Amino acid sequence: MAEFRFCVSVMPKPGILDPQGRAVEGSLPYLGVDSVSSVRIGRRVELTVEAATESGARTIVERLADDLLANPLIEAWTAEAIV
Amino acid sequence: MAEFRFCVSVMPKPGILDPQGRAVEGSLPYLGVDSVSSVRIGRRVELTVEAATESGARTIVERLADDLLANPLIEAWTAEAIV
Amino acid sequence: MKVGVVVFPGSNCDRDALHAARLAGAEALSLWHEQTDLHGADALILPGGFAYGDYLRAGALARFSPIMGAVSDHAARGGLVLGICNGFQILAEAGLVPGALVRNASLRFEHRWIRLRVERRDTPFTSAVPDGMTLRMPVAHGEGCYVLPAADLRSLEERRGVLFRYDSPEGNPNGSAHDIAGVIDQAGNVCGLMPHPERASEAVLGSDDGLLLLRSLVASAAAAVAVPA
Amino acid sequence: MTLAESPALHPSAVLHRALGLTDHELEQVVTRLQRQPNDLELAMFSVMWSEHCSYKSSRALLRTLPTAGAGVVAGPGENAGVVSIGDGMAVAFKLESHNHPSAVEPYQGAATGVGGILRDIFTMGARPIALLDALKFGPPASVRTRHLVRGVVAGIGGYGNCVGVPTVGGELAFHDSFARNPLVNVMAVGILDERRLTRSVAPGPGNAVILFGSTTGRDGIGGASVLASATFGPEQGSKRPSVQIGDPFAEKLLIEACLEVIEAGLVEGLSDLGAAGLTCAASEMADRAGTGMLIELDDVPRREEGMAPFEVMISESQERMLAVVRPAAVPAMLGICARWGLPAAVVGRVTDDGDVTVRSAGVAIARIPAQALTSDAIEYQREARPPSHRPRAPSRGLLELTPDGFPERGMDPGAVLIELMGDANVASRAWITGRYDETVGSDTVTGGAHGAAVMRIKGTTRALVMATDSSPYVGLIDPYLGAVTAVAECVRNVAVTGARPLGVTDCLNFADPGRPEAFWQLAEAVRGLGDACRALGLPVTGGNVSLYNESVDGPIAPTTQVGVVGSIDDIAMLVGPAFTQAGDVVALLGRTVPGMGGSIYAQHAGQAPDDEPPLVDLQHELALGRMLALGAARTILHSAHDVSTGGLATCLAECAIWGGLGASVRLSVRSAPAVELFGEGPGRVVVSTARSLWPRLQGLAAESGVPVTLIGQVGGERLHIRLARAGSTGPLEDRGVSAADDVDLALADLRGAWQRGLPRALGLDP
Ligand SMILES: Nc1ncnc2c1ncn2[C@@H]1O[C@H](COP(=O)(O)OP(=O)(O)O)[C@@H](O)[C@H]1O
Ligand SMILES: [Mg+2]
């Protein structure tokens with residue numbers, strides 16, 4: 001058995017409103033920033049998986065992401081191994 | 001001028017309590033998952049920057065991360081360009 | 001007639017729900033989330049609060065609590081389930097009612113007294129509400145903005161699945177689509193709403209309008225008990 | 001067991017100074033130990049002898065406070081004061097500050113402040129039923145203030161809402177002196193069955209000591225991190241987080257678990273872990289019981305690897321408790337913790353040697369008499385010196401006054417009233433209270449928006465009434481009077497509802513006691529607090545002292561925060577502040593006293609008629625309180641609202657706005673219109689009642705020895721205040737003053753100004 005560290009990024013689906021992202025955009029002028037747009041805010045989950053192989057670990061991560069970490073109605077996720 | 005898309009990952013600093021991560025870990029047994037540990041939860045911010053060069057864009061992103069996106073007392077961030 | 005109130009770690013309106021269910025005439029018992037049987041409860045309330053701290057997403061962790069299997073089975077058998085606030089979020093995460101509840105548009109926790117329009121009186125949750133009456137009760141939540149993809153929203157409206165809407169001069173407290181405050185599932189026996197009827201069940205607290213919903217629940221469940229299917 | 005001489009960790013011989021102990025204090029440590037302390041022991045002394053834990057500068061003063069009273073079940077010295085409310089029930093309440101953490105990290109600072117004060121309540125066996133937050137910030141227009149307000153309010157809501165304790169009241173004030181040093185004082189109130197009263201003691205040598213709740217990490221090591229840097233090198237040490245993160249979810253589980261183990265009779269003593277963590281809980285519990293305690297350091301459940309012994313002993317990780325449990329009850333206790341998902345471990349036992357002994361790998365690495373850390377900690381008699389000049393009332397120069405003290409001719413007092421209604425210190429707090437769950441628990445009868453909070457007690461006809469007040473503007477001019485004013489106001493806020501005040505808690509927010517002027521302020525405030533409570537017959541049942549509240553801008557306005565809890569037997573008799581009935585008469589109890597110092601009007605006017613704050617007549621306050629209780633019990637009062645910030649005019653406006661009913665009032669001008677309308681003299685209450693009850697109200701006032709004046713009538717959609725010269729019924733035109741000296745405003749305009757005031761001042765979205 002080995003340990004693998006993964007990161008799952010969960011972002012609001014396109015079309016789902018993202019009030020947090022909008023709030024950040026709204027505060028940019030106060031920081032004197034006018035070159036930033038399309039801010040989207042999501043979650044980043046890092047976790048360690050114990051498994052025999054990386055692909056075994058990935059399977060577990062993907063199940064977790066599907067079942068728990070993201071709500072498929074409103075969010076999309078991607079998972080990657082962290083080195 | 002060109003557009004660059006960046007992602008800023010904001011995570012609780014090492015040693016800083018992460019109640020979210022802890023709660024997720026605590027409920028994993030109910031999902032039948034026992035091989036996952038060290039869960040840390042942070043934010044992922046995606047944004048588009050208009051700048052002449054990527055390094056110019058990065059400077060803006062880094063300033064934003066410092067001033068607005070992360071709380072330096074308890075959070076650490078990293079920024080990377082998304083392709 | 002027994003109402004079971006499910007207690008998740010972090011639930012904080014469970015005692016309020018028990019109290020209000022008793023005021024509505026029920027025998028009320030609390031059901032610890034690690035149990036897998038309902039101890040003879042005829043109707044269930046998933047109370048408000050912050051199950052698992054509402055960490056990750058409100059309701060996301062609670063839906064995996066051991067008792068949720070029994071809750072689903074109860075619902076599948078046609079048993080009544082009422083989710084209030086956090087309970088609504090849990091039902092939505094568990095897929096027992098349609099939709100998702102996300103951060104309030106204001107990005108702030110909102111506590112205020114609102115008026116609730118009751119869209120249907122032919123449900124087990126609203127049968128005791130007099131015609132034309134709007135209900136006054138508090139909302140208290142940070143993630144109560146109801147979202148549903150446009151097509152699903154249309155079919156929800158078509159099947160008259162929206163049971164409650166905000167109807168206050170100050171407007172919708174959270175940015176919910178179509179001012180939706182509460183919905184009912186397709187079969188009509190699972191209901192979730194963000195406002196707190198249990199906190200508006202005695203005049204001394206400012207309103208007893210909420211008791212009408214609990215009375216409806218208790219009467220409907222009692223009727224179902226009296227005439228076993 | 002012998003104490004292993006652990007090697008000195010710090011290269012320099014002046015470790016004690018780096019830890020914040022003076023040379024004299026080190027000598028005192030050596031005297032008490034009768035040997036040199038090792039580094040771990042020095043760390044334990046340094047946190048326990050801090051001002052925060054030892055009250056070394058204030059202990060002598062606090063001893064002068066009256067603490068005895070009917071029904072007091074637990075007074076100062078316990079985690080919270082407890083007063084009996086009859087039928088075997090009692091109320092636990094306490095105020096506490098979290099000022100400095102909130103200045104650094106407003107969200108977490110405020111959140112952990114809420115967590116800490118709640119633990120003081122449920123430690124005693126009480127279920128927390130209410131929170132009140134008293135907040136002081138700098139000028140509302142400043143960017144720093146806005147950042148702090150947002151963070152603090154979000155933190156209080158974030159924690160309180162999640163644990164499910166309603167935040168039902170509080171206080172909010174702005175003053176330049178709080179710009180860099182905001183005050184975040186939180187009061188918690190709980191109810192318990194008296195038989196379940198649990199003390200923070202470690203009785204019974206041989207009993208097990210159980211640490212439960214969250215695991216222990218490196219949170220809040222703060223100053224003592226010099227020890228870490230000595231061991232690990234400066235870079236690593238400076239990375240040590242000292243910001244504490246609150247986990248309200250863990251706290252909620254902790255509340256339920258604690259109440260369950262107390263109900264089951266499993267604990268002999270229970271304490272929360274706050275400042276100085278395990279060291280403080282262990283030594284206080286042992287000292288109070290006259291026992292000792294052995295801590296097996298290796299058994300403490302940890303969150304991080306490689307923690308040094310001192311880090312474990314002084315960690316301020318949140319949401320932890322220490323319980324003393326009979327050996328036979330240990331499995332049941334651990335079982336309940338497990339069911340609530342809380343890490344728990346036996347970490348030691350009670351001993352009979354009077355020492356706190358820390359052991360690791362079978363070796364004692366610290367041994368200190370418990371007394372030396374707590375009741376026999378160092379104490380100072382600081383020097384007090386009154387300031388050479390009294391500061392004048394703050395000036396901003398918005399309004400001009402003519403020498404006779406009247407608003408400038410042509411100046412409309414209605415415009416002044418509108419301005420005051422929108423002042424950040426007076427305006428509606430709805431923006432803040434709307435962030436707090438005010439109704440969770442299903443007991444809230446009256447929340448934070450209007451005067452005192454009222455919480456019914458389920459299953460009874462009773463209610464608890466609670467409020468918190470302070471008077472920093474008066475305190476700035478006269479700290480003694482500031483404290484007296486705060487007590488009088490807070491007691492009055494409770495009394496106007498018809499409730500009987502039960503006891504007082506306080507939080508003393510002052511500057512560096514090493515400066516004689518600052519210590520004088522503290523000493524004066526404690527004198528005022530004591531005098532006021534004695535005069536009103538109320539015990540001080542507990543409180544908190546927060547010193548060193550100053551910044552590069554200088555010291556804060558001396559702030560004596562006061563909290564009062566009262567009880568009312570029959571909630572049906574409750575009197576609210578709002579006008580209820582058109583046609584009712586409006587009367588003023590008490591008399592206008594001169595003095596504009598410290599008033600909001602003085603801040604706006606720039607030049608007040610005088611800089612003297614109004615004096616408080618405590619005998620009158622006592623009579624007033626009795627009269628209000630009788631008035632409620634005999635159902636003579638339809639409403640009662642006390643005159644405070646902004647004076648009689650804003651008081652009337654509030655009665656009208658909240659009731660949705662206007663009023664027309666005629667006031668006799670004895671001194672100057674500004675004093676009558678906007679003076680903040682204490683001891684006054686605006687009441688309304690049916691015209692037919694007016695003779696009974698007069699009779700009650702006479703019987704109570706309280707002056708009462710009929711001033712008007714409820715009704716309409718406007719607030720009309722006509723100023724008349726004393727002894728005459730004629731208007732001021734007689735004196736050639738324009739009719740603009742009348743206030744005549746639509747309720748809608750008053751309400752608008754009042755509602756918009758705070759978001760506008762703070763630049764927040766409404
Ligand atoms: N200003 C005060 N007035 C009355 N009692 C006080 C005051 N300050 C502290 N005390 C009492 O001293 C004891 C220690 O206070 P504190 O260290 O704040 O307790 P804890 O650590 O449990 O919060 C408590 O019993 C408290 O009530
Ligand atoms: Mg304590």
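This is a predicted model, so every value here is computed, not measured. Convention: sequence-line order gives letters A, B, ...; per-chain numbering from 1.
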*Got more than 12 heavy atoms from elsewhere within 6.0 Å of CZ, A:Arg40?*
yes
*Which of residues 112-126 of chain C get closer than 4.5 angstrom to chain A, counting heavy atoms alone?*
none
*Side-chain donor or acceptor of C:Arg103 paired with backbone N/O of A:Gln20 under 3.5 Å*: no
_Part of residues 67-97 of chain C lying next to chain A, heavy-atom separation under 4.5 Å_ = C:Glu93
*asked:* Counting only non-hydrogen atoms closer than 4.5 Å, can you tell me which residues of residues 74-83 of chain A sit against chain C?
replied: A:Ile74, A:Glu75
*For A:Pro19 and C:Ala105, which heavy atoms make the closest approach, and how far apart are they?*
CB-O, 3.9 Å
*Answer whether the closest heavy-atom distance between the side chains of A:Ile16 and C:Val102 falls below 4.5 Å.*
no
*Measuring heavy-atom distances to chain A, does C:Leu56 have an atom under 4.5 Å in its side chain, in its backbone, in both, or in neither?*
both
*Can you check whether anything in residues 50-69 of chain A gets within less than 4.5 Å of chain C, heavy-atom wise, and list it by number?*
A:Asp67, A:Leu68, A:Leu69
*A:Leu73 to C:Ala100 - nearest heavy-atom pair and separation*: CD2-N, 3.8 Å
